[in-house]
Amino acid sequence: MNLFDDIRSTVLDALDAMGRDGALPPGLDVSAVTVEPPRDAAHGDMATNAAMVLAKPAGKKPREIAEALAIRLSDDPRIDTAEVAGPGFLNLRLAPAVWQGLVVQILSEGAEYGRSALGKGKRVNIEFVSANPTGPMHVGHTRGAVFGDALANVLSLAGYEVTREYYINDGGAQVDVLARSVYLRYLEAHGHDVAFADGTYPGDYLIDVGQALRDLVGDAYVDQPEDVWLAPVREFATDAMLTLIRADLAALGVRMDSFFSEKSLYGTGRIEAALDALRSKGLLYEGVLEPPKGKLPDDWEEREQTLFRSTAHGDDLDRPVMKSDGSWTYFAPDIAYHYDKITRGFDLLIDVLGADHGGYVKRMKAAVAALSDGRVPLEVKLMQLVKLTRGGEPVKMSKRAGTFVTLRDVVDQVGPDVTRFVMLTRKNDAPLDFDFDKVLEQSKENPVFYVQYAHARVCSVLRKAADMGVDVADAALAGQDLAAICHPAELSVIRKLAEWPRTVEIAAQTGEPHRIAFYLYDLASDLHALWNRGNDQTELRFLQEDDVSRTAAKIALPRAVAVVISAGLAILGVTPMEEMR
RNA sequence: GCACCCGUAGCUCAGCUGGAUAGAGCGCUGCCCUCCGAAGGCAGAGGCCAGGGGUUCGAAUCCCUUCGGGUGCGCCA
């Protein structure tokens with residue numbers, strides 16, 4: 001249950017009644033009517049724009065409608081005051097009992113408080129990470145992994161049935177390069193001197209793989225031509241890399257529901273089937289592309305190729321699906337993969353990609369629109385770069401020098417909780433600064449710590465209360481009279497708690513989990529502020545000296561805050577700390 | 001040349017998908033621990049929301065345009 005939705009339906013009922021008795025024309029479209037927290041808390045608890053939205057279609061002045069609406073709403077026992085303000089806003093103030101009831105609700109529902117029916121009955125597939133299986137995951141993948149996982153969590157709480165999926169790019173030339181590189185390490189394991197030419201992966205992480213291969217097959221592939229060993233070594237190597245990647249993901253706390261192999265699309269007719277589906281819609285043809293305007297590629301020559309008419313669905317150019325040597329471009333298996341997702345019956349597809357894939361979005365959307373006849377939307381979330389620094393100095397990365405920073409480097413140094421939280425404090429399409437020193441700092445400048453500290457503080461107070469003899473179980477706290485929680489400073493914290501369900505919905509609708517992180521920071525801030533007011537005003541302290549029942553009531557609020565912080569951190573995939581010492 | 005993303009306080013960034021006087025952290029100035037965790041809090045200063053048009057009751061938010069930055073642009077994924 002969402003308090004804002006609740007009051008909104010009360011407002012809609014009132015408008016409906018006004019339509020019946022002639023105060024408004026009947027049958028007005030009320031879809032644009034909102035009930036939201038006002039920007040300035042001094043305006044009240046909630047504000048509705050109903051009068052302004054309806055003024056024109058009703059042919060009445062906004063304030064006139066607002067005043068009539070105010071009179072009706074004042075009859076509701078939950079609404080203390082309804083005041084017309086500004087250009088026609090109606091500001092509502094709710095009875096303290098409503099807010100106290102919300103605390104009870106939070107304590108009763110626990111982590112379920114905030115669950116929404118927004119995505120009820122809808123299945124969504126989120127494809128993320130999808131790093132090539134050619135090596136360990138690096139920082140760039142880390143951000144995508146954390147984002148995708150948190151997005152999955154948000155959508156799940158918002159009622160969607162979520163599948164987390166990893167697309168294994170094991171069908172292209174890069175896995176042959178991997179196989180050749182492993183083969184070199186294999187020879188090395190047999191005591192040969194090897195040289196890593198350009199176009200091979202020299203990383204140390206393949207040494208173990210080469211040795212494991214030697215242990216498995218002995219010298220069977222030594223001095224053998226490539227066509228003998230390439231396929232089996234490729235298989236062996238990609239398996240090893242996938243094991244590595246799964247372990248990396250596990251270190252971050254990310255678990256996939258599904259791994260989908262690109263290779264499984266080749267030689268099985270699945271790519272052909274997907275392209276046939278396009279052909280049957282008249283969207284595949286043989287043609288010649290115009291050279292790009294501006295700077296012409298050096299080796300440009302006109303050539304006829306098989307093209308997908310993506311321009312029919314909003315792309316700027318038609319896109320080739322077949323190379324001149326007759327093999328598929330990367331786009332062809334991607335079409336087949338998305339076709340597969342569509343046929344699996346998802347209602348929504350989300351791809352989490354690096355920002356360098358931005359040019360690919362329109363064609364993929366076009367393909368999905370064509371293949372699903374516009375039924376299944378594809379949303380693409382582009383991840384901007386992570387700028388790694390240490391003490392303000394950029395961390396230099398070079399693949400050749402072997403100094404590129406891996407996911408493991410980050411997680412080992414700062415831990416999964418900090419890694420995840422920090423990576424979610426920025427919008428996906430904004431670059432992210434990640435400073436190894438700053439993220440471990442324990443001050444309010446560091447949002448991870450600040451939020452964790454708020455949670456730990458509440459746990460500390462609860463421990464103290466328990467020492468006083470208070471039953472601090474949620475059910476016990478929820479079962480009592482909370483009339484003692486009535487100070488404006490307390491009610492304003494509850495108001496923040498009331499925003500949690502709509503924050504979840506907004507984050508889910510926009511696909512922006514960072515909103516959760518910012519909400520938690522604000523909530524933590526409200527708690528810290530209330531805590532400190534207890535220094536001067538003893539009636540605001542959570543622990544009321546020598547008064548067990550009053551303490552039990554007071555403690556319910558910070559506990560409710562902790563419940564929401566904990567639920568929010570769960571979305572981000574961060575463990576709430578019970579103490580920070 | 002074209003497409004996509006971005007431009008908000010000195011710095012790093014939010015801004016509830018069109019609402020009221022645009023917010024937070026850092027930094028700067030001044031305060032608050034005989035008192036539940038000061039790893040915190042309070043107060044002050046700081047803005048042409050890149051510029052210009054438009055849409056309407058109302059624009060940082062939507063549309064057009066200019067400028068500035070990033071990413072990409074047929075046989076790499």
Side-chain angles (χ1 to χ4, degrees), chain A residues 32 34 36-40 43 47 49 52-53 55-56 61-62 85-89 91 130 132 169 171-174 262 288-295 297 299-303 305 307 315-320 322-327 329-331 333-334 354-362 382 384-385 425-427 429-431 433 441-447 449-450 452-454 456-457 459-461 464-465 499 502-503 505-507 509-510 512 514-515 518-519 521-522 525 527-536 538 541-545 551 554-555 558 579-581:
Chain A
T34 61
E36 293 182 338
R39 193 181 290 281
D40 187 342
H43 291 137
N49 62 355
M52 288 180 290
V53 171
K56 191 181 244 183
K61 291 191 168 117
F89 282 104
N91 291 328
S130 298
N132 290 339
N169 290 113
Q174 73 279 358
E262 176 191 356
V288 179
L289 280 178
E290 296 275 315
K293 304 271 192 295
K295 54 187 171 191
D299 57 347
W300 178 269
E301 53 180 276
E302 284 202 349
R303 108 173 17 102
Q305 31 191 187
L307 299 169
D315 200 359
D316 311 299
L317 291 170
D318 291 340
R319 305 293 174 177
M322 194 181 276
K323 299 179 194 172
S324 54
D325 65 1
S327 64
T329 65
Y330 65 90
F331 188 36
D334 275 354
D356 54 343
H357 289 67
Y360 157 100
V361 174
K362 280 189 179 181
L382 296 177
Q384 271 293 347
L385 296 178
T425 52
R426 212 99 302 177
K427 264 191 300 220
D429 51 11
D433 293 314
E441 218 171 83
Q442 302 207 334
S443 74
K444 64 183 295 195
E445 192 183 350
N446 181 355
F449 167 77
Y450 188 73
Q452 291 279 29
Y453 179 43
R457 263 183 151 179
C459 292
S460 168
V461 166
K464 288 258 161 73
E499 289 179 33
R502 65 193 303 276
T503 301
E505 285 193 352
I506 291 164
Q509 272 170 326
T510 54
E512 295 179 339
H514 75 277
R515 290 173 187 272
F518 280 93
Y519 172 85
Y521 186 89
D522 286 346
S525 170
L527 179 87
H528 290 310
L530 180 60
W531 182 295
N532 275 82
R533 293 190 67 163
N535 288 339
D536 302 324
T538 53
R541 293 188 188 173
F542 303 133
L543 300 180
Q544 297 287 319
E545 217 173 341
T551 297
K554 286 288 187 186
I555 214 94
E579 49 185 342
M580 309 288 289
R581 293 178 209 278

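The sequence lines fix the lettering, A, B, ..., with proteins before strands; numbering per chain opens at 1. As the structure is a prediction and not an experimental result, all values here were calculated from the model.
A/Asp433 comes within 4.0 angstrom of sugar-phosphate atoms only, judged by non-hydrogen atoms across all strands, and of no base. Among the heavy atoms of the strands lying under 4.0 Å from A/Ala85 is at least one base atom, whether or not backbone atoms are also near. A/Ala55 comes within 4.0 angstrom of no nucleic acid atom, judged by non-hydrogen atoms across all strands. A/Pro62 comes within 4.0 angstrom of nothing in the nucleic acid, heavy atoms only. Using a 4.0 Å heavy-atom distance criterion, A/Tyr360 is classed as making no nucleic acid contact. A/Asp315 comes within 4.0 angstrom of nothing in the nucleic acid, heavy atoms only. Using a 4.0 Å heavy-atom criterion, one finds that A/Asp316 contacts the sugar-phosphate atoms exclusively. Within 4.0 Å of A/Asp40, counting heavy atoms only, lies no atom of the nucleic acid at all. Base engagement by A/Glu579 is indicated by at least one non-hydrogen atom pair under 4.0 Å involving a base atom.
In this structure, B/G44 forms a base pair with B/C28, meeting either the Watson-Crick or the G-U wobble geometry with both donor-acceptor distances under 3.5 Å. Nucleotide B/C36 has no partner under the Watson-Crick or G-U criteria, as no pair reaches both atom distances under 3.5 Å. Pair assignment for B/C4: B/G70, on the basis of Watson-Crick or G-U wobble contacts that are both within less than 3.5 Å.
Spacing between atom CH2 of A/Trp531 and atom C1' of B/C35 amounts to 12 Å, rounded to whole angstrom units. Atom CZ of A/Arg541 and atom P of B/C36 are 7 Å apart (whole Å). Put simply, CG on A/Asp429 is 15 Å from P on B/C4, counting in whole angstrom units. Distance A/Asp325 CG to B/C76 P: 8 Å, rounded to the nearest Å. Whole-Å rounding puts the A/Leu317 CG to B/C75 P distance at 12 Å. The separation between A/Phe518 atom CZ and B/U12 atom P is 14 Å, rounded to whole Å. We find that CD of A/Gln384 is positioned 13 Å from C1' of B/G7, with the value rounded to whole Å. Protein atom CD of A/Glu445 is 16 Å distant from nucleotide atom P of B/A14, rounded to whole Å.
A 4.5 Å side-chain heavy-atom check between A/Tyr330 and A/Asn169 finds every atom pair outside the cut-off. For the pair A/Ile555/A/Leu543, a side-chain contact is recorded, criterion being any heavy-atom separation below 4.5 Å from C-beta on. Between A/Val461 and A/Trp531 the shortest side-chain heavy-atom distance falls below 4.5 Å. Between A/Thr34 and A/Asn49, the closest side-chain pair of non-hydrogen atoms falls below 4.5 Å.
In this structure, A/Phe89 packs face-to-face on the six-membered ring of B/A20, meeting both the 5.5 Å centre cutoff and the 30° plane limit. Put simply, A/His357 does not rest on the base of B/A77: the two rings are not both less than 5.5 Å apart at their centres and under 30° in tilt.
Residues meeting the side chain to side chain donor-acceptor pair (under 3.5 Å) test with A/Arg515, sequence neighbours left out: A/Thr510, A/Glu512.
Using P as the reference atom, B/C13 and B/G52 are 25 Å apart when rounded to the nearest Å. To the nearest whole angstrom, the two P atoms, one in B/C11 and one in B/G47, are 12 Å apart. Spacing of C1' atoms, B/G7 relative to B/U66, comes out at 14 Å, to the nearest Å. Taking atom P in both B/A60 and B/U8, the straight-line distance is 15 Å, to the nearest Å. For the P atoms, the distance from B/G53 to B/U29 is 40 Å, rounded to whole Å. When the C1' atom is compared between B/A59 and B/G54, the two are found 11 Å apart, to the nearest whole Å. If you take atom C1' in B/A9 and the same atom in B/G23, they sit 10 Å apart, rounded to whole Å. Nucleotides B/A20 and B/G58 are separated by 14 Å at their P atoms, to the nearest Å.
Listed nucleotides B/G41, B/C75, B/C5 differ in distance to A/Tyr450; the shortest reach to its side chain belongs to B/G41. When each of B/U17, B/G19, B/C75 is scored by its nearest atom to the side-chain atoms of A/Glu36, the top-ranked nucleotide is B/U17. Out of B/A38, B/C16, B/U71, the shortest distance to the side chain of A/Ile506 is found at B/C16. Comparing B/A20, B/G15, B/G41 by their nearest atom to the side chain of A/Lys427 picks out B/G15. Listed candidates were B/G74, B/C16, B/A77. Nearest to the side chain of A/Gln174 is B/A77. Side-chain proximity of A/Gln305 to the nucleotides B/A60, B/G25, B/G74 is greatest for B/G74. Across B/C57, B/G15, B/U12, the shortest atom-to-atom separation from the side chain of A/Arg39 is found for B/G15. Taking the side chain of A/Asn49 as heavy atoms from C-beta on, and the options B/G25, B/A20, B/G19, the nearest nucleotide is B/G19. Distances from the side chain of A/Arg426 to the nucleotides B/A38, B/C13, B/C26 place B/C13 closest. Ranking B/C13, B/A14, B/U56 by closeness to the A/His514 side chain, first place goes to B/A14.
Here B/C35 is in the anti range [glycosidic angle more than 90° from 0].
Applying the 4.0 Å criterion to OP1 and OP2 of B/G15, one finds that A/Arg515 has a side-chain N or O inside that range. Proximity of A/Lys323 to the phosphate of B/A77: a side-chain N or O atom is located under 4.0 Å from OP1 or OP2. Checking the phosphate oxygens (OP1, OP2) of B/C16, no side-chain nitrogen or oxygen of A/Arg502 falls inside 4.0 Å.
For B/C36, its base never sits under 3.5 Å from the side chain of A/Arg457 at any donor and acceptor pair. Counting distance only, with no hydrogens placed and no angle test, the side-chain atoms of A/Asp356 and the base atoms of B/G72 include no donor-acceptor pair under 3.5 Å.
Where A/Ala529 and A/Thr510 meet RNA chain B, the nucleotide closest to each residue was compared, and A/Thr510 sits on the side nearer the 5' end. If you find the closest nucleotide of RNA chain B to A/Asn91 and to A/Thr425, the one lying nearer the 5' end belongs to A/Thr425.
How far OH of A/Tyr360 is from CG of A/Asp315: 12.0 Å, rounded to the nearest 0.5 Å. Taking OH from A/Tyr453 and NE2 from A/His528, the interatomic distance works out to 6.5 Å, rounded to the nearest 0.5 Å.
Checking side-chain atoms of A/Gln305 against main-chain N and O of A/Arg319 turns up no donor-acceptor pair under 3.5 Å. Panel note: side chain A/Thr503, backbone A/Glu499; a donor-acceptor pair is recorded below 3.5 Å.
Under the 30°/60° scheme for interplanar angles, the aromatic rings of A/Phe518 and A/His514 are found to stand perpendicular.
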